[in-house]
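Predicted, not measured: the structure shown is a model, and the values here were computed from it. Along the sequence shown, residues are numbered consecutively beginning with 1.
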Amino acid sequence: MKYKVEIYEDEDLGGLMIDVPEEISLLFHLVLSDIQEVKSGIRLDLVNKVLSKESSYEEITGNSCTMEINYDMTKIIFEFAWEGALDHCFIETEELKKIFMLWDEAIEKKYGESN
C-alpha cells in the first residue's frame with residue numbers, strides 16, 4: 001500500500017479512528033463522517049464499478065464529502081471547508097479501494113460479519 005494508514009480503537013471515544021497522511025487528510029472526514037462505523041458498502045461498490053470498467057465515472061455525496069471516482073484518481077471534496085482551508089484532495093482509486101477494505105476488516109473485527 002502506498003500510504004501509511006492506521007486504524008485503531010480510540011479508548012476515549014470508544015470507536016474506531018483512522019490516521020492518514022496529510023496529502024489525503026480529507027479521507028479522515030469521508031471515513032468518520034460519511035461511512036462511520038459500518039462497512040464502506042456503496043462507496044466500495046462504486047469504486048469497484050469504475051475499476052472494473054463497468055462505468056467510467058461515478059459520484060456520491062454523503063454527510064460531509066463528495067467522491068468523484070475516475071479509473072486512475074478519485075477526488076474527495078470536503079463540503080464544509082472554511083475559506084482558505086483544504087477543500088479537496090486526490091487519491092489513486094486503487095489505493096482508496098485498499099483503504100476501504102482495511103476499514104471493512106476493522107469493522108468486521110470489532111462488530112462481526114453482519115455490520
For the [atom1] atom of [X] and the [atom2] atom of [Y], what is their distance to the nearest 0.5 Å?
X: Leu26; Y: Ile77; atom1: CG; atom2: CD1; result: 10.0 Å
X: Leu16; Y: Ile7; atom1: CG; atom2: CD1; result: 7.5 Å
X: Ile99; Y: Glu92; atom1: CD1; atom2: CD; result: 9.0 Å
X: His29; Y: Ile18; atom1: NE2; atom2: CD1; result: 12.0 Å
X: Ile24; Y: Cys89; atom1: CD1; atom2: SG; result: 7.0 Å

**Request:** Flag yes if more than 12 heavy atoms outside Lys110 fall under 6.0 Å of its NZ atom; otherwise flag no.
**Result:**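 Correct, the count exceeds 12.
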**Prompt:** For Leu44, what residues pass the side-chain contact (heavy atoms from CB on, under 4.5 Å) criterion, not counting sequence neighbours?
**Reply:** Ser40, Asn48, Lys97, Phe100, Met101, Asp104
**Message:** As a quick check of understanding, evaluate side-chain contact (heavy atoms from CB on, under 4.5 Å) for Phe90 and His88, giving each step before the final call.
**Reply:** CA-CA 7 Å; Phe90 292 92; His88 71 278; 3.6 Å; yes
If you look only at distance, which donor and acceptor atoms sit under 3.5 Å apart when one is on a side chain in residues 62-75 and the other is two or more places apart or in another chain?
| unit_1 | atom_1 | unit_2 | atom_2 | d |
| --- | --- | --- | --- | --- |
| Asn63 | ND2 | Ser33 | O | 2.7 |
| Ser64 | OG | Ser33 | OG | 3.4 |
| Ser64 | OG | Asp34 | OD1 | 3.4 |
| Thr66 | OG1 | Thr61 | OG1 | 2.8 |
| Thr66 | OG1 | Glu79 | OE2 | 2.4 |
| Thr74 | OG1 | Thr93 | OG1 | 2.8 |

**Prompt:** What do the steps show when you test Trp103 against Leu32 for side-chain contact (heavy atoms from CB on, under 4.5 Å), and what is the final call?
**Reply:** CA-CA 10 Å; Trp103 184 256; Leu32 294 182; 3.9 Å; yes
Which atom of [X] lies closest to which atom of [Y], heavy atoms considered:
X: Val5; Y: Met1; answer: CG2-CE, 3.6 Å
X: Leu30; Y: Arg43; answer: CD1-NE, 4.0 Å
X: Glu95; Y: Ile91; answer: CB-CG1, 4.1 Å

**Request:** Identify whether the distance between the nearest side-chain nitrogen and carboxylate oxygen of Glu94 and Lys2 falls below 4.0 Å.
**Result:**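 Looking at Lys2 together with Glu94, the answer is no, because their closest N to O distance does not fall below 4.0 Å.
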**Prompt:** Is the shortest distance from a Lys or Arg side-chain nitrogen in Glu58 or Lys49 to a carboxylate oxygen in the other one below 4.0 Å?
**Reply:** yes
**Request:** Hey, could you give me each pair passing salt bridge (Lys or Arg N to Asp or Glu O under 4.0 Å) that has a residue in residues 11-23? Not counting sequence neighbours.
**Result:**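 For residues 11-23, and leaving out neighbouring residues, there are no salt bridge (Lys or Arg N to Asp or Glu O under 4.0 Å) pairs at all.
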**Message:** Would a single hydrophobic cluster contain both Tyr57 and Val47, if residues Ile, Leu, Val, Met, Phe, Trp and Tyr are joined by side-chain heavy-atom contacts under 4.5 Å?
**Reply:**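 No, because Val47 and Tyr57 fall into different hydrophobic clusters, even though each may have its own neighbours under 4.5 Å.
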**Message:** side-chain contact (heavy atoms from CB on, under 4.5 Å), that's the test. Do Tyr3 and Val20 meet it? Break it down for me.
**Reply:** CA-CA 7 Å; Tyr3 300 100; Val20 296; over 6 Å; no
